[in-house]
Amino acid sequence: MVRNDLRNIAIIAHVDHGKTTLVDEMLKQGGAFRENQVVEDRVMDSGDIERERGITILAKNTSVTYNGVKINIIDTPGHADFGGEVERVLKMVDGVLLLVDAAEGPMPQTRFVLSKALELGHRVIVAVNKIDRPDARLDEIGDEILELLLDLDASDEQLESPVLFCSGRAGTCSLSQYEEGVDLKPLFDTILDYIPAPSGDETGPMQMLISSIDYNDYVGRTGIGRVERGTVRVGQQVMVGDYHETKKPYVSKIVTLSSIEGLGRVNTEEATVGDIVLISGIENITIGDTLCAVDNYEPLPFVKISEPTVEMTFSVNDSPFAGREGKFVTSRQLRDRLFKEILRDVSLRVSETDSTDSFRVCGRGEMHLSILIENMRREGYEMGVSTPRVLMREIDGVSCEPMERLVVDVPEESMGVVMEKMGTRKGELQSMHPQGSRMRLEFIIPARGLFGYKSEFLTDTKGEGVMSSVFDSYQPYKGDIPRRSTGSLISFEAGEAVTYGLFNAQERGTLFIGAGTPVYEGMIVGASPKSEDLVVNVCKKKHLTNTRASGSDDALRLIPPRKLSLEDSLEFIADDELLEVTPKSIRLRKRILDNSLRAKTKAKEKLQ
């Protein structure tokens with residue numbers, strides 16, 4: 001059976017190349033909204049953090065109907081740290097729409113997600129997006145895409161992929177760069193003509209692979225997947241198991257079944273070959289499970305998700321300010337929340353440590369873990385977080401570390417300083433291409449060499465540089481890389497920071513706090529330009545005498561403090577420091593808060 005009334009497609013691209021904006025227009029022109037309906041931009045980015053940062057974090061399903069054919073569309077994340085989302089949803093589709101920015105061309109994440117799609121044998125439609133950009137390079141982009149396809153060993157059919165020219169914001173598409181598009185009709189027509197219709201045995205025993213999980217406290221886990229064979233019905237008994245036999249198969253029952261129509265979910269009684277549906281009622285369902293007919297148990301193979309490369313330790317907050325701002329502060333609450341997250345996020349790993357108060361959390365990168373921290377603090381959790389560390393791996397008896405493929409796009413005058421910094425961080429130059437007055441450099445660099453580099457990079461390029469990286473491979477350990485050249489300014493005592501104390505402290509370095517901020521002993525209040533740490537007393541008040549008036553403090557002028565975001569703080573902290581995260585505050589602190597005890601410990605380490 002061939003389902004000519006259905007197409008399943010995923011939209012893949014590098015971050016900021018316009019996937020979500022294009023999906024907006026496809027929904028509008030596909031009739032998903034009423035004519036008079038007010039629709040906000042990037043309607044698929046439903047999470048608060050997604051809307052604030054302008055990035056897609058979770059893959060989202062939607063659908064439009066064109067010429068009587070239902071097109072299921074999956075909008076995927078562009079950031080490399082959320083690549084696990086992309087890898088698994090590619091199993092649900094028959095083809096991909098590869099979006100490439102008309103000025104930037106193929107970037108690292110484009111290479112990563114395209115290689116995964118080609119491995120599965122999917123057909124590819126190439127869409128050059130943002131053709132209305134003044135710096136668009138339409139003549140060169142086609143050659144760069146062809147080079148990339150050749151480089152990734154694409155089949156002859158995949159090399160003949162159709163190329164479209166789009167403007168996601170304007171909602172136009174054309175088959176030639178020399179023609180101006182009117183609407184997205186050429187894109188819809190190409191999807192119908194080029195992407196194969198789902199096919200399979202409609203009358204055979206039921207078989208369905210779960211590629212994604214949704215979770216809420218009322219329904220529990222909802223499995224999202226595609227029906228590969230047979231028909232799924234509400235109330236049907238199914239055998240649940242997985243291909244790698246990590247758990248014993250068991251029988252369960254489908255309680256509800258729903259399909260995706262536009263941005264909503266519609267309950268349905270049955271679904272057949274090629275349909276992407278949501279199933280609830282199966283208690284322990286996880287990503288990679290197969291639902292089969294009870295009398296015909298045949299689990300489907302599931303794509304192996306790339307392993308995490310970065311780890312952090314999440315622990316119970318034990319600072320003097322613990323429990324003041326958070327709603328969930330105990331180790332049990334922290335443990336439950338972290339283990340709940342791995343039900344939803346397939347590329348995250350959580351494990352217990354020797355201490356009952358701390359947990360080892362492994363992810364794809366700093367951003368992957370920082371989004372988790374941000375979500376948890378918004379939910380009311382309070383915790384201490386360690387500095388990120390890379391996960392080493394032993395290959396043939398050699399200790400190897402994860403390497404990243406880094407692409408930087410910088411003005412020519414900034415090239416020298418970037419090359420110098422890359423050298424100290426063990427980066428190896430792979431290629432360089434001029435692009436007008438800018439230069440694109442490609443490096444292979446240890447993942448730990450990128451920790452703490454982003455803010456330095458923006459300073460070095462005067463805010464004009466663009467950098468992005470994706471995991472490349474494991475290579476033998478490259479030697480020591482300096483983590484940070486600056487020291488910390490540490491609070492001498494507990495109290496409230498005052499202008500007089502801050503005025504004296506600001507001569508020692510850059511402050512992170514302003515007057516009136518509560519501090520405790522061992523809390524980091526600023527950065528010292530020297531490599532060693534300095535203890536400063538920001539609570540020090542001016543002693544008044546007969547000859548000194550209290551009003552003379554008005555003349556003290558404080559430099560505005562540098563406010564650190566969550567990512568900035570994670571970049572800044574050293575191995576002997578922690579990040580205290582609460583719903584209202586982000587504080588940096590030393591692991592050992594007592595100043596004299598910390599000095600003794602440091603002296604002992606030097607002797608050893």
Side-chain angles (χ1 to χ4, degrees), residues 80-81 107-108 309-312 365-367 370 386-393 398-434 438-489 509-510 524 526-534 562 564-565 567-577 579 588 602 605-606:
D81 284 14
M107 295 287 275
T309 56
V310 174
E311 68 166 352
M312 290 162 94
E366 276 181 292
M367 188 170 195
S370 76
S386 76
T387 178
R389 301 175 297 276
V390 295
L391 289 165
M392 305 295 283
R393 187 181 285 183
V398 179
S399 181
C400 297
E401 63 175 327
M403 306 293 285
E404 298 270 322
R405 181 178 292 274
L406 172 72
V407 172
V408 297
D409 204 328
V410 294
E412 278 185 14
E413 61 270 18
S414 306
M415 204 171 82
V417 67
V418 170
M419 298 273 273
E420 185 189 336
K421 292 281 171 70
M422 284 290 109
T424 59
R425 291 167 177 269
K426 304 284 194 266
E428 295 170 10
L429 183 67
Q430 302 296 300
S431 65
M432 52 196 297
H433 304 289
R438 295 172 73 83
M439 190 67 80
R440 178 173 292 179
L441 310 169
E442 193 170 316
F443 298 90
I444 298 290
I445 182 172
R448 62 197 166 94
L450 291 175
F451 291 164
Y453 178 58
K454 195 167 188 181
S455 51
E456 253 183 76
F457 173 76
L458 289 172
T459 306
D460 293 341
T461 59
K462 299 180 179 65
E464 290 185 43
V466 178
M467 64 179 273
S468 53
S469 65
V470 67
F471 172 73
D472 185 74
S473 60
Y474 271 87
Q475 290 185 21
Y477 184 69
K478 300 289 179 186
D480 285 341
I481 297 173
R483 164 83 188 176
R484 167 180 119 196
S485 58
T486 58
S488 301
L489 297 180
T510 307
I524 297 166
S528 161
K530 296 176 182 174
S531 55
E532 66 267 12
D533 297 336
L534 290 172
R562 179 184 163 203
L564 295 182
S565 66
E567 270 88 8
D568 293 338
S569 304
L570 285 171
E571 280 187 13
F572 181 81
I573 55 173
D575 292 336
D576 66 335
E577 296 168 356
L579 192 61
L588 295 87
K602 221 168 200 178
E605 285 172 1
K606 278 186 181 174

Original post:
Ion pair present between K421 and E456, side-chain N to carboxylate O less than 4.0 angstrom?
Top reply: yes
Original post:
Run the side-chain contact (heavy atoms from CB on, under 4.5 Å) check on M415 and M432 step by step: do they pass?
Top reply: CA-CA 10 Å; M415 204 171 82; M432 52 196 297; 3.7 Å; yes
Original post:
Can you name the nearest heavy-atom pair linking S528 to T486, along with the distance?
Top reply: O-CB, 3.2 Å
**OP:** Side-chain contact test, heavy atoms from C-beta onward, threshold under 4.5 Å: evaluate it for M467 versus L406 and give yes or no.
**Re:** yes
**OP:** Mind checking the OG1-CG spacing from T387 to L570? Nearest 0.5 Å is all I need.
**Re:** 8.0 Å
Original post:
For the atom pair CG (L489) and NZ (K530), what is the distance rounded to the nearest 0.5 Å?
Top reply: 11.0 Å
Original post:
Considering all heavy atoms of both residues, which atom of D533 and which atom of S488 are nearest to each other, and what is their separation?
Top reply: OD1-N, 2.9 Å
Original post:
Looking only at side chains, do E464 and S414 share a donor and an acceptor under 3.5 Å apart?
Top reply: no
Subject >> Side chain to side chain, Y474 and M403, heavy atoms closer than 4.5 Å >> reply: no
Original post:
CD1 of I444 to CD of Q430: how many Å apart, nearest 0.5 Å?
Top reply: 4.5 Å
**OP:** Mind checking the OG-CD spacing from S469 to E442? Nearest 0.5 Å is all I need.
**Re:** 11.5 Å
Original post:
Are side-chain heavy atoms of F457 and M422 found at a separation under 4.5 Å?
Top reply: no
Original post:
Mind checking whether V408 and T461 have side chains closer than 4.5 Å, heavy atoms only?
Top reply: no
Subject >> Whether R438 side chain and D409 backbone form a donor-acceptor pair below 3.5 Å >> reply: yes
Subject >> Shortest non-hydrogen separation from K426 to D480 and the atoms involved >> reply: NZ-O, 3.4 Å
Original post:
If you round to the nearest 0.5 Å, how far is CE of M439 from CD of E412?
Top reply: 4.5 Å
**OP:** Would you name the heavy atoms of F572 and G526 that are closest together and state the gap between them?
**Re:** CZ-O, 4.3 Å
**OP:** Of all the heavy-atom pairs spanning V398 and P476, show the shortest one and how long it is.
**Re:** CG1-CB, 4.0 Å
Subject >> Interatomic distance, E311 atom CD to R389 atom CZ [nearest 0.5 angstrom] >> reply: 4.5 Å
Original post:
Are L450 and R425 close enough that some pair of their side-chain heavy atoms sits under 4.5 Å apart?
Top reply: no
**OP:** Compare all side-chain heavy atoms of V310 with those of L391 and state whether any distance is below 4.5 angstrom.
**Re:** no
Original post:
Are any of the side-chain nitrogens in E428 or K478 under 4.0 Å away from the carboxylate oxygens of its partner?
Top reply: yes
Original post:
Between E366 and F451, which heavy-atom pair has the shortest distance, and what is it?
Top reply: OE1-CD2, 3.5 Å
Original post:
Hey, are R562 and D568 close enough for a salt bridge, meaning a charged N less than 4.0 Å from a carboxylate O?
Top reply: no
